[in-house]
Amino acid sequence: MEEHITCPVEVNRVTWDVLEMAASLGDFQTGVRHVHDTSAILRETRACVDKLIPFQASTFFLVNETNSEFFLADCKPERYRQFLQDEVDFLINNGMFAWALREKRPVIVSSKDYQKRLVLHVMTTSSRTTGMFAGMLAQGEKDIPHISLSLLSIVMLNSANALESFKLYRTINEINVNLEKMVEERTEELTYRVEFENLIATMSTSFINLAPDEIDAGIDHALQAIGEFICADHGYAILLSENGTSIDNGHEWCAKGIDPQMAKFRGLELKDFPLLAERIGKSESFHIPSIAQLPLEVKADDGLLQLLGIQCLIVVPMVSGKAVIGLLGFDSVREERSWSDDTVALIKIVEEMFVNALERKWAEEEKKELQAQLQQAQKMQAIGTLAGGIAHDFNNILFPIVGYTEMAMGDLSEESVTRRNLEEVLKAANRAKGLVRQILTFSRQSEQERKPLKIQPIIKEALKLLRASIPSTIEISQNIDKGCGAILADPIRIHQVMMNLCTNAYHAMREKGGVLGVTLTEVDIDSGDLGSNVDLKPGPYLRLTVSDTGHGIEHAEMERIFEPYFTTKGPGEGAGMGLAVVHGIARSHGGYITVYSEPGEGATFHVYLPRIDSSAIAPVTVSTEPTPNGKERILLTDDEEQIAHMVQQMLERLGYHVTARTSSVEALEAFRMQPEKFDLVITDQTMPNITGAELAQKLMGIRPDIPIILCTGFSEVIPEEKARAMGFREYVMKPIVKSEMARIIRRVLDQEKA
């Protein structure tokens, strides 16, 4: 009777413990989100199990999420860990463990020595198995009440749910942490991009308002602002050479404490950077976070970039139209840095802004250059017109001087002192004649046809003109090789080269004096003689050298001396076009110009011009025949009375019958009265009422076969080609000596007879 009473009491006690345990597990599962690992769940589970069954030792095996295998996660007391591990391994091998997994209820099994009893219970939810409980009963332990085993199943289910919830909460928590991190990173990226875009927008507005001469400074400021914003060490906008094969010059910014690199870049060939050259050829931007990790096939880039100390870089080609004109880049030399795609894309926008600004600057410079060229052309045209008028008047003055001097000399004996004096007068007149020719040559602006030419006489004429205009403190030393061959050239342009180079040399020595050296030699240039910056074809050349002993050229100025408008002279002393013009003339003739100078040691310019076969030049023959004469009748017209009387007297001494008129109207009337009376007409061009060309047309209208010689003091009014096309038989430039005039008249008359 007492046993039956005790049993219900025991059952009630267990029931209360179970209810209390279930409530505890429920509370625990609700708060599992605050648990940091599975050990807390296992401790709570063991506490519940210990209230149900007095195990001598217990352990939990959990499922590894990576390989789905069981591992021993917790054992109490710890001294039984190895024993229970061995027992479970035995149960796994004999299939009892798998049986317990399938049963999903308590399974009681014997140890491998049959001395102990083990209780196995799978920890599983409705969706997955999370682990296995293994408890070792004490030696001689009586049978476990059925209700305890049932309650053990409830505990294992709650524990499995708690483990599942823990995993779920942990996954959700990781997702939330990752999402928060992603949101934070994306917020930072968006903030970075917005700030970068605002910076670029501010720069763009600034560039729009910049004057062309402020753009270079604007680019420097922009490089600094962007470099500091993206935490770079260098920023550079590099311009390529004209042929796009090497680095020329550009802009550079360096962070504080970082050495400049531009001097190392200048002159480097793009072919030395295979990866860079390939990308630039495709107009592609690229970002290299680590130079050290470049692939083997681009180790050339690696070596050069590491030599420059670059760890990582961004490079964006600067494209104008379809041509790559330069590179916009940023790099780091202190550490490797991975810039975002947004950064590269925004730097591409900066590149477009720079190119637009540079194009605007260049367009303005070109506009100014064209305006200056137009002003120069107008000025030279005015000078040419003035020089033509002066030349015409001066030639009209020289003509009678030459003519009367020759006739006076003819009246004197060879031993006469007066004759010798008159010879000096004639020499002076001929020098004046040459001076007028040089003035006309210098003032001409029209492009002349290139022809085979020996330039020795041009050089000497230019030096004569210079000698008269530069002070005697400057000595002119010349070494002109008479045997030098010919070139295919425009004589006016060669004269211009000489004048510009020698004028520059004079300016360098005008304060202290010195020596102006001019040398002309032949040279043969082969490919080995040519530097990388000299664009010349191998072959024979003439080398014209102009040197001075003046103040020399600073190294910083050497790279710019051939730029238009670059000058070191003071205001009003030069426009900076001289050397630019010389460079252009040399290049247009297929040649090149080089310069060598050291400060304080003068400067030497070498102009190379391609040599041609000298046989292309027809030899000049000098006649030794006596002055021819004749008896024909000549109508002479010149509005200068002094010239008309002088030429009439000169021709009459040659035996001709001359009718002279100082009015073209009177000459036309005399011819109209007796057109068959005259065998030849000689007329000046510039005359009032009727010009020489108009008079000739009227005379040939009366008598088409009448031969006419045009005599002028200014060839620009009617060039020789045009005069011959109009029907003139000969074209004579004033002043002309008697012997030459006699041969021309005789040649025309003899052709008529033939």
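For the single chain, residues carry numbers from 1 onward in sequence order. Quick note: numbers below take in every heavy atom, side chains included, and nothing from hydrogens, waters or symmetry partners.
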(request) Could you grab the distance from atom CD1 of I226 to atom CG of L346, nearest 0.5 Å is fine? (result) 9.5 Å

(message) Ignoring hydrogens and geometry beyond distance, is a side-chain donor-acceptor pair present between S332 and D233 at under 3.5 Å?
(response) yes

(request) With sequence neighbours left out, write down each residue that passes ring pair (Phe, Tyr, Trp, His ring centres under 6.0 Å) with F229, or none if nothing qualifies. (result) Y192, F196

(message) So L118 and V88, do their side chains get closer than 4.5 Å, heavy atoms only?
(response) no

(message) Using the rule side-chain contact (heavy atoms from CB on, under 4.5 Å), only one of L199, L223, I200 pairs with V350; which is it?
(response) I200

(request) Decide yes or no on salt bridge (charged side-chain N to carboxylate O under 4.0 Å, His left out) for D216 and K361, but give the supporting numbers first. (result) CA-CA 9 Å; D216 286 336; K361 172 194 169 187; 2.8 Å; yes

(request) Apply side-chain contact (heavy atoms from CB on, under 4.5 Å) to N64 and N67, showing your working. (result) CA-CA 6 Å; N64 188 316; N67 55 21; 3.0 Å; yes

(message) Assess, by modelled atom type and distance only, whether the side chains of W99 and E103 contain a donor and an acceptor separated by less than 3.5 Å.
(response) yes

(request) For the residue pair F207 and I219, establish whether any side-chain heavy-atom pair is separated by less than 4.5 Å. (result) yes

(request) Determine whether I314 and D331 make a side-chain contact, defined as any pair of heavy atoms from C-beta on separated by less than 4.5 Å. (result) no

(request) Please tell me if the side chains of P106 and L120 come closer than 4.5 Å, counting only heavy atoms from C-beta onward. (result) no

(message) Please determine whether a side-chain nitrogen of the Lys or Arg among E197 and R193 lies less than 4.0 Å from a carboxylate oxygen of the Asp or Glu.
(response) yes

(request) Please tell me if the side chains of E164 and T130 come closer than 4.5 Å, counting only heavy atoms from C-beta onward. (result) yes

(message) For a salt bridge (charged side-chain N to carboxylate O under 4.0 Å, His left out) check, start with the C-alpha distance between K368 and E365, then their side-chain angles and the critical distance, and finish with the verdict.
(response) CA-CA 5 Å; K368 288 182 178 179; E365 289 175 348; over 6 Å; no

(message) Is it true that D89 and Q85 share a donor-acceptor pair across their side chains at a distance under 3.5 Å?
(response) yes

(message) Going by side-chain contact (heavy atoms from CB on, under 4.5 Å), V119 matches just one of V107, V109, I108. Which one?
(response) I108

(request) Ignoring hydrogens and angles, state whether a donor on the side chain of S340 or D342 is under 3.5 Å from an acceptor on the partner side chain. (result) no

(message) Working to the nearest 0.5 angstrom, can you tell me the gap between W339 CH2 and R337 CZ?
(response) 6.0 Å

(message) Once rounded to the nearest 0.5 Å, what's the spacing between atom NZ of K104 and atom NE2 of H121?
(response) 11.0 Å

(request) Answer whether the closest heavy-atom distance between the side chains of T125 and R128 falls below 4.5 Å. (result) yes

(message) Taking atom NE2 as the centre, does H287 end up with more than 12 heavy-atom neighbours from other residues, nucleotides or ligands that are less than 6.0 angstrom away?
(response) yes

(message) In the structure I gave you, are the side-chain heavy atoms of T38 and F166 within less than 4.5 Å of one another anywhere?
(response) yes

(request) Would you check if there is a donor-acceptor pair between the side chains of Q82 and D86 at a distance under 3.5 Å? (result) yes

(request) List the steps, then state whether salt bridge (charged side-chain N to carboxylate O under 4.0 Å, His left out) holds for E189 with R186. (result) CA-CA 5 Å; E189 290 175 1; R186 189 56 182 158; 2.7 Å; yes

(request) Kindly compute the distance separating CE (M353) from OG (S206), expressed to the nearest 0.5 Å. (result) 8.5 Å

(message) How long is the straight-line distance from CD of E69 back to CZ of F71, given to the nearest 0.5 Å?
(response) 11.0 Å

(message) Closer than 4.0 angstrom, basic N to acidic O: yes or no for E351 and K348?
(response) yes

(request) First locate atom NZ of K181, then atom CD of E188, and finally report the distance between them rounded to the nearest 0.5 Å. (result) 10.5 Å

(message) Can you tell whether the side chains of E78 and R81 come within less than 4.0 Å, N to carboxylate O?
(response) yes

(request) State whether D74 and R46 are salt-bridged, where the test is any N-O pair (Lys NZ or Arg NE/NH1/NH2 against Asp/Glu carboxylate O) under 4.0 Å. (result) yes

(message) Does atom CD (E228) have a neighbourhood of more than 12 heavy atoms from anything else shown, all under 6.0 Å?
(response) yes

(message) Taking atom CG as the centre, does D341 end up with more than 12 heavy-atom neighbours from other residues, nucleotides or ligands that are less than 6.0 angstrom away?
(response) no

(message) Set out, in order, the CA-CA distance, both residues' side-chain angles and the distance that settles side-chain contact (heavy atoms from CB on, under 4.5 Å) for V319 and I325, then state yes or no.
(response) CA-CA 6 Å; V319 182; I325 62 170; over 6 Å; no

(message) Measuring only between side-chain heavy atoms, which start at C-beta, is L101 closer than 4.5 Å to M132?
(response) yes

(request) Verify whether one side chain among E336 and S290 offers a donor that lies under 3.5 Å from an acceptor in the other. (result) yes

(request) Could you check whether the rings of F55 and F133 sit parallel, tilted or perpendicular, using 30° and 60° as the cut-offs? (result) perpendicular

(request) Quick one: sort the F97 and F70 rings into parallel, tilted or perpendicular, breaks at 30° and 60°. (result) perpendicular

